[in-house]
Amino acid sequence: MEILVVGLSHKTAPIELRERLHIPERDLAGPLQILGQEPPILERVILSTCNRVEVYAVAEEVEPARQAIEALLGSRAHLPAAALAAHLYRHRAGDAVRHAFRVAASLDSLVVGEPQILGQVKEAYQAAVAAGAVGPVLAALMERALRVGKRIRTETALGASPVSVASVAIELARQIFGTLAGRTVLLLGAGEMSEAAAQHLKEDGVSAILVSNRRYERALELAGRLGGRAVRFDQFKEEVLSADIVIASTAAPHPILTRADVEQIIRARRQRPLFLIDIAVPRDIAADVNAIDNVYLYDIDDLEAVAAANRKVREKETTFAEAIVEREVEAFTQWLRSLDVVPTIQTLREKVEAIRDQELGKALHRLADLKPEQQAVVRQLAQGIVNKILHHPMIELKRQSARRDGHVTISALRRLFGLEEQEP
């Protein structure tokens with residue numbers, strides 16, 4: 001039984017591929033159920049964010065489990081396995097644990113130190129629990145990953161001045177305009193990312209913040225807190241006419257601004273430059289918009305240069321955080337080894353076979369007149385009895401090890417057969 005991670009991120013795959021694989025939280029139950037039908041996969045969690053899609057699994061056999069996970073990802077992306085393979089990373093055992101901890105601690109994020117990932121990991125874990133996809137090993141891994149993420153935010157300065165994809169997007173806007181004072185910004189979406197962007201915009205002294213959201217009440221609420229103006233979602237294209245910058249971050253499954261939309265808008269603006277920053281996955285703005293004169297579109301992958309500067313500034317704190325991760329990985333892998341059912345199975349078989357040999361020796365001593373072929377029959381009989389007795393407990397031990405409370409059964413069996421002192 002082993003922990004396995006298969007996935008891709010902003011480091012290995014472009015946004016075009018990531019958005020094809022993206023799974024909204026409300027849709028996670030389906031893929032989790034599909035993976036649960038694969039015999040080698042005992043537990044699974046799927047983490048899907050704007051920058052990564054990855055599957056955490058506990059598997060009896062790693063290779064069949066890996067193939068099943070890659071087949072699922074390939075089917076979602078409508079790509080053959082070979083075409084997807086080059087973009088995937090695969091971690092197992094301690095490396096898988098390390099990856100989980102680094103992700104939760106935002107050390108593997110586009111923006112190192114961003115706080116959103118911790119909440120995203122928690123939501124992915126809760127979705128898997130609700131789908132009945134989590135057992136004792138992944139439960140422990142996810143709980144520990146969340147603790148590691150919180151520990152790094154409190155014990156290092158990575159969380160001292162919070163940054164996020166939204167803050168990096170605002171930094172990009174500053175680089176474009178020099179200053180945002182006096183500018184008009186339209187926010188498409190009123191979720192967590194938009195709210196983070198709005199706070200930075202307010203601090204930068206923009207002259208007007210417009211907020212548009214499918215749920216108009218949510219737009220009103222956010223605009224009210226910011227001293228901005230809410231815009232009905234079916235009217236936002238009219239507001240693009242006067243905006244200097246549009247920051248898009250909705251949960252729409254397809255673009256809400258097409259090339260035809262923007263061509264019409266830019267004509268109405270009399271070719272006045274329009275800056276679009278799309279931090280949504282899937283993207284809110286069609287990629288071919290960039291081909292229009294005087295339109296400048298930046299997506300989440302274009303934030304990499306700004307994010308790289310952020311990583312350089314935080315290099316020292318990152319070193320401290322990585323050291324914490326390594327200590328936590330060692331502690332967790334030691335715990336895993338203590339729960340491993342294999343030593344219990346091995347010790348149980350050794351104890352029963354030792355009893356068999358002892359009692360068989362006594363019996364054959366009393367039956368000294370038996371011919372060699374008769375002794376062989378007695379030995380086969382004794383071995384057959386041992387195998388029959390152990391068969392069901394062995395199967396049940398393996399099955400119970402995948403359950404949330406499996407350690408209770410394993411511990412009880414150790415006590416019943418007196419294995420505690422014999423455990424390696």
Side-chain angles (χ1 to χ4, degrees), residues 4-28 30-32 34-35 44-57 65-91 96 99-100 102-103 106-112 114 116-117 120-121 123-124 127 164-166 168-169 172 189 193 248-259 276-291 297-308 311:
L4 171 70
V5 179
V6 179
L8 50 75
S9 73
H10 62 282
K11 295 181 177 179
T12 65
I15 189 171
E16 291 82 3
L17 179 54
R18 300 201 307 273
E19 67 184 358
R20 289 168 70 174
L21 283 167
H22 181 73
I23 309 171
E25 185 185 348
R26 63 181 179 275
D27 297 335
L28 284 173
L32 287 168
I34 292 171
L35 290 176
R44 59 270 181 217
V45 169
I46 299 176
L47 175 62
S48 180
T49 73
C50 59
N51 281 323
R52 70 183 65 248
V53 177
E54 52 192 27
V55 177
Y56 295 79
R66 179 194 64 77
Q67 292 174 1
I69 293 168
E70 293 187 17
L72 172 73
L73 296 177
S75 67
R76 289 197 64 85
H78 303 292
L79 286 173
L84 184 63
H87 298 283
L88 295 175
Y89 43 78
R90 306 159 186 88
H91 304 300
H99 179 78
R102 293 188 76 252
V103 167
S106 85
L107 293 172
D108 197 57
S109 294
L110 174 68
V111 182
V112 175
E114 55 98 357
Q116 285 81 13
I117 187 62
Q120 292 165 334
V121 170
E123 288 165 2
S164 63
V165 170
V168 174
L172 176 62
M193 202 86 79
S249 177
T250 77
H254 48 71
I256 59 174
L257 266 179
T258 65
R259 177 167 180 164
L276 306 169
I277 301 176
D278 188 352
I279 53 178
V281 177
R283 286 171 290 182
D284 283 333
I285 304 172
D288 57 0
V289 159
N290 231 349
L297 171 62
Y298 301 86
D299 63 32
I300 200 163
D301 283 358
D302 295 321
L303 304 182
E304 175 60 34
V306 182
R311 286 195 291 272

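Both backbone and side-chain heavy atoms feed into the values below; hydrogens, waters and symmetry mates do not.
Take Thr258 and apply the side-chain contact (heavy atoms from CB on, under 4.5 Å) test, not counting sequence neighbours, and it matches Ala260, Asp261. Here Thr49 pairs with Leu47, Asn51, Arg52, Ile117, Gln120 under the side-chain contact (heavy atoms from CB on, under 4.5 Å) rule; sequence neighbours left out. A search for salt bridge (Lys or Arg N to Asp or Glu O under 4.0 Å) contacts involving Asp302 returns nothing, not counting sequence neighbours. Taking Arg259 as the reference, Glu263 meet the salt bridge (Lys or Arg N to Asp or Glu O under 4.0 Å) condition, with sequence neighbours excluded. For Pro282, the side-chain contact (heavy atoms from CB on, under 4.5 Å) partners two or more places apart in sequence, or in a different chain, are Glu19, His22. A search for ring pair (Phe, Tyr, Trp, His ring centres under 6.0 Å) contacts involving His91 returns Tyr89, His99, not counting sequence neighbours. Shown here are the side-chain hydrogen bond (donor to acceptor under 3.5 Å, both in side chains) partners of Thr12, two or more places apart in sequence or in another chain: there are none. For the side-chain hydrogen bond (donor to acceptor under 3.5 Å, both in side chains) test, residues two or more places apart in sequence or in another chain that qualify with Gln67 are Glu63. Shown here are the side-chain hydrogen bond (donor to acceptor under 3.5 Å, both in side chains) partners of Asp284, two or more places apart in sequence or in another chain: Thr250. Listed by chain and residue number, Pro14, Arg283 satisfy the side-chain contact (heavy atoms from CB on, under 4.5 Å) test with Glu16 (two or more places apart in sequence, or in another chain).
With rounding to the nearest 0.5 angstrom, the CG atom of Leu172 is 4.5 Å from the CD1 atom of Ile277. Separating the CG atom in Asn290 from the OH atom in Tyr298 is a distance of 8.0 Å, to the nearest 0.5 Å. With rounding to the nearest 0.5 Å, the separation of CG in Asp299 from CG in Leu276 is 11.5 Å. For the atom pair CD1 (Ile34) and CG (Leu72), the distance works out to 5.5 Å, reported to the nearest 0.5 Å.
Under the 3.5 Å distance criterion, the side-chain polar atoms of Arg18 are matched with a main-chain donor or acceptor of Ala13. Put simply, the side chain of Arg44 never gets that close to the backbone of Val55: no donor and acceptor are under 3.5 Å apart.
Residues Ile23 and Ser48 come closest through the heavy atom pair N-OG, 2.9 Å.
Side-chain contact between Leu73 and Leu8 is absent, with no heavy-atom pair separated by less than 4.5 Å.
For the salt bridge (charged side-chain N to carboxylate O under 4.0 Å, His left out) condition, the pairs that include at least one residue of residues 80-90, sequence neighbours left out, are Glu70-Arg90.
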